[in-house]
2 protein chains.
Amino acid sequence: MANRVTLNHIAQHVGVSKTLVSLVLNGKAQQYGISKQTCDKVLAAVKELNYRPNKTARSLRIGKTETVGLIVSDIANAFYAQMARMFEDLASAQGYSVIICSTDEEVEKEQRLITMLRNRQVDGLVVSTSQREPEWLKAVYESGTPLVLIDRHLGSDTLPAVVADNRSGGAMLAHHLVEQGYNRPLVLGLSTNHISSVAERIDGFMDVFKEHGLPCAVREVGFNTVQADVDELLVNLKALPFKPDCLFAVNNNIATAVLHSLAASNVKIPSDMAMVCFDDLPYFSFISPTITAIEQPIAQMCSRAFEVLSQLMDGESYLSHEVIRLPVKLNVRQSSQNKSK
Amino acid sequence: MANRVTLNHIAQHVGVSKTLVSLVLNGKAQQYGISKQTCDKVLAAVKELNYRPNKTARSLRIGKTETVGLIVSDIANAFYAQMARMFEDLASAQGYSVIICSTDEEVEKEQRLITMLRNRQVDGLVVSTSQREPEWLKAVYESGTPLVLIDRHLGSDTLPAVVADNRSGGAMLAHHLVEQGYNRPLVLGLSTNHISSVAERIDGFMDVFKEHGLPCAVREVGFNTVQADVDELLVNLKALPFKPDCLFAVNNNIATAVLHSLAASNVKIPSDMAMVCFDDLPYFSFISPTITAIEQPIAQMCSRAFEVLSQLMDGESYLSHEVIRLPVKLNVRQSSQNKSK
DNA sequence: CTGAAAGCGCTTACAG
DNA sequence: CTGAAAGCGCTTACAG
């Protein structure tokens with residue numbers, strides 16, 4: 001209904017075969033030595049009849065849809081929204097469209113979405129997985145679907161993966177806090193703490209405090225109940241036996257919830273409680289106090305991931321299954337100022 | 001390569017025709033009175049051979065791709081990221097995937113993307129258009145492609161459109177400022193000020209000040225140079241003949257840039273300069289000062305838009321071409337506190 | 001209850 | 001230089 005004009009119509013209109021029309025439209029006129037004149041007639045008809053090629057038919061024939069899938073936990077999250085934008089630009093520059101899907105950290109949903117995208121014959125998949133084990137995705141990969149993990153990996157020697165150096169980021173924050181004189185951190189992690197990114201941030205962070213012989217507490221907040229869980233944790237802070245002097249929010253959602261919660265209960269940052277987090281947001285740099293944060297190399301993560309995906313889609317086998325880790329950046333700001341001051 | 005098992009394989013494996021297999025797989029077994037036994041054998045083979053239907057082939061045959069396109073200026077913008085997420089949920093509940101495209105407010109890019117999506121045979125299109133004139137999109141609509149505008153309209157009696165009541169929002173902010181004793185507002189709009197949403201926000205805002213006989217200045221910032229333009233405007237604020245006592249940022253990007261800029265130049269809100277904006281962001285409610293903002297009904301906009309799109313996709317003609325305007329909410333906060341205080 | 005056949009709109013050997 | 005034919009993997013009248 002939306003597209004009534006087909007190759008056949010334009011072939012008949014010009015009085016040639018659809019082979020010819022197809023050749024011309026795909027820029028193979030030169031190669032097949034089709035006369036300039038014929039080309040022009042075809043092109044004129046295309047314009048006149050307002051012909052638009054049916055990509056579904058083309059896809060079926062050539063076995064490629066020029067579509068890639070991007071799977072994240074939530075496209076509304078600032079980190080993934082940025083990632084989506086950068087990924088879109090990279091993909092569209094190569095003629096690919098991208099279908100974005102949100103999993104809400106649900107493994108079943110993720111698997112359902114991946115299966116759906118494969119049925120749609122996407123040429124490749126970039127996924128920020130919520131799965132713990134590599135098996136399911138490995139089966140997908142080994143059955144021939146180009147696949148690269150982003151943001152989160154499932155161990156070396158399993159699947160191609162491009163992530164931020166989360167462990168180092170966690171460690172950088174911890175070193176900084178120790179330097180500033182803080183010694184009783186509370187880590188606010190996610191209930192989905194098996195996720196490599198979160199786990200590594202926390203590990204890197206805690207290891208540093210351990211090295212210094214300092215205690216370190218960890219609490220978890222639920223993916224769908226971030227604000228409520230953070231509120232509850234922070235309200236009861238003073239009642240805790242362990243009295244933290246600084247907070248580490250493991251991602252931007254938790255950081256925002258923490259700021260919200262501390263503001264509501266009138267806790268002063270950093271004098272009452274210091275705070276640092278993973279993921280940098282624009283507003284961190286100008287609110288009072290400004291917030292110390294780790295900035296992730298989103299652009300590089302996207303380009304490396306797309307690079308690997310392209311290789312895979314070109315049929316090249318990807319041998320090195322070492323996880324690609326990209327360096328992060330520590331932005332020191334007021335929220336973690338020297339404790340004595 | 002990714003999908004070697006076809007209907008034919010499983011038909012042969014079971015020893016039936018592919019018609020039968022197709023019927024079973026599409027839940028038409030009952031309808032065609034196919035025996036339970038046959039069904040089971042088919043289903044068993046599907047499982048055993050790990051068959052996944054090729055949706056591209058299906059789409060070509062049935063003339064529907066079960067895909068919709070969502071076109072916005074920038075998916076990384078918090079407003080559109082939220083919209084995308086809500087839209088994804090609505091669409092996927094009905095079996096649709098969504099392809100998201102960013103236009104950067106470029107009309108040519110928008111048109112290119114829409115043509116591309118139509119060639120991909122998307123079943124429908126939701127677009128936050130950057131175009132000034134309805135003609136081009138109207139041609140798309142009238143050629144039979146289900147299309148609904150969102151966030152921005154192109155006039156009544158042109159195309160189905162679902163927008164926020166931007167004019168009222170602008171007026172609400174202005175009334176509030178006037179009540180609080182402010183009388184020399186500076187509006188920070190976009191260079192793409194023909195966009196209905198921005199234009200209406202500004203009109204609604206200015207009309208109120210006009211009614212009160214108060215002056216009102218407007219400056220424009222470029223879509224791709226928001227921070228730089230805002231910085232320049234605000235740095236020279238004191239040099240201006242017109243000395244504003246309050247700022248109206250017409251969207252969330254500009255608001256964030258304004259806050260950044262004011263913080264950098266140590267301007268106190270609201271004592272030195274009050275500020276209000278369109279679009280509410282989570283951090284507005286807890287930074288100091290909290291920021292007065294208009295909250296858009298994103299969820300309702302998405303559901304109304306998807307509702308209309310569904311009607312269109314079902315082939316029902318959509319008669320009323322009145323723009324659907326949804327009410328916005330004013331969240332009064334500290335950034336626009338009574339001037340005398 | 002089940003199957004043979006046509007056809008969706010393309011692309012691509014193959015033949016001349 | 002150009003065309004007839006096959007086929008991508010489905011769905012759907014049509015026939016029995």
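Below, read A as the first sequence line, B as the second, and so on, with proteins coming before strands; counting in each chain starts at 1. Hydrogens, waters and symmetry mates play no part in the numbers below; they use all other heavy atoms, side chains included.
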Check your understanding: At under 4.0 Å between heavy atoms, what does B:I62 touch on the DNA or RNA strands: base, sugar-phosphate, or nothing?
Key -> sugar-phosphate

Point to revise | Under-4.0 Å side-chain N/O to phosphate OP1/OP2 contact, A:K28 with C:dT12 | key: yes

Check your understanding: Base, sugar-phosphate, or nothing: which does A:K18 touch, judged by heavy atoms less than 4.0 Å apart?
Key -> base

Check your understanding: Is any side-chain N of the basic residue among A:K138 and A:E135 closer than 4.0 Å to the acidic one's carboxylate O?
Key -> no

Study note, to complete from the structure: To the nearest angstrom, the CD-P distance between A:Q30 and D:dC1 comes to 11 Å

**Study point:** Residue closer to the 5' end of DNA chain C, B:G15 versus A:N26 (nearest nucleotide)
**Key:** B:G15

Check your understanding: What is the distance, rounded to the nearest whole Å, between atom CG of B:L20 and atom C1' of D:dC10?
Key -> 15 Å

Check your understanding: So, is B:T38 near the phosphate of C:dT2, with a side-chain N or O under 4.0 Å from OP1 or OP2?
Key -> yes

Practice item. Could you let me know what C:dG3 is paired to, Watson-Crick or G-U wobble, both distances under 3.5 Å, or none if it's on its own? Key: D:dC14

Point to revise | Rounded distance (Å) that lies between atom P of C:dT12 and atom CG of A:L23 | key: 9 Å

Check your understanding: Distance check: side-chain N/O of A:Y32 vs OP1/OP2 of C:dA15, anything under 4.0 Å?
Key -> no

Check your understanding: Any ion pair linking B:E110 and B:R152 (charged N to carboxylate O, less than 4.0 Å)?
Key -> no

Exercise for review: Look at the side chain of A:N54 and decide which nucleotide, out of D:dA13, C:dG9, C:dT2, has an atom nearest to it.
Suggested key: C:dG9

Check your understanding: Sequence neighbours excluded, which residues qualify as ring-ring contact (aromatic ring centres under 6.0 Å, His included) partners of B:F87?
Key -> B:F306

Review point. Nearest of C:dC8, D:dA13, D:dC1 to any side-chain atom of A:S35?
Key: D:dC1

Point to revise | Gap in Å between the two P atoms, one belonging to D:dC1 and one to C:dT12, rounded | key: 22 Å

Exercise for review: Please indicate whether B:E108 has more than 12 foreign heavy atoms, meaning atoms of other residues, nucleotides or ligands, lying under 6.0 Å from its CD.
Suggested key: no

**Study point:** Polar pair under 3.5 Å, donor/acceptor by atom type, side chain B:S22, base D:dT12
**Key:** no

Check your understanding: For the side chain of B:I34, counting heavy atoms from C-beta on, which of C:dT2, C:dA4, D:dT2 is nearest?
Key -> C:dT2

Practice item. May I ask you to say what B:N8 touches in the nucleic acid, namely base, sugar-phosphate or nothing, with a heavy-atom cut-off under 4.0 Å? Key: nothing

Study note, to complete from the structure: Here the distance between atom C1' of C:dC8 and atom NZ of A:K55, to the nearest Å, is 18 Å

Point to revise | A:R85, CZ: over 12 other non-hydrogen atoms inside 6.0 angstrom | key: yes

Check your understanding: Within the structure shown, what part of the strands sits under 4.0 Å from B:L7 by heavy-atom distance: base, sugar-phosphate, or nothing?
Key -> base

Exercise for review: Can you tell me the distance, in whole Å, between the CD atom of A:Q12 and the P atom of D:dA4?
Suggested key: 11 Å

**Study point:** Interatomic distance where CG belongs to B:L25 and C1' belongs to D:dT12 [whole Å]
**Key:** 15 Å

Review point. Of A:L60 and B:K36, whose closest DNA chain C nucleotide lies nearer the 5' terminus?
Key: B:K36

Review point. Nearest-Å distance, CZ (A:R52) to P (C:dG9)?
Key: 12 Å

Practice item. Take atom CD1 of A:I10 and atom P of D:dT2, then tell me their distance rounded to the nearest Å. Key: 14 Å

Review point. Is B:E66 paired with A:R120 through a side-chain N to carboxylate O contact shorter than 4.0 Å?
Key: no

Review point. Are A:S17 and D:dG3 close enough that a side-chain N or O sits under 4.0 Å from OP1 or OP2?
Key: yes

Review point. Under 4.0 Å between a side-chain N/O of A:R58 and OP1 or OP2 of D:dC8, yes or no?
Key: no

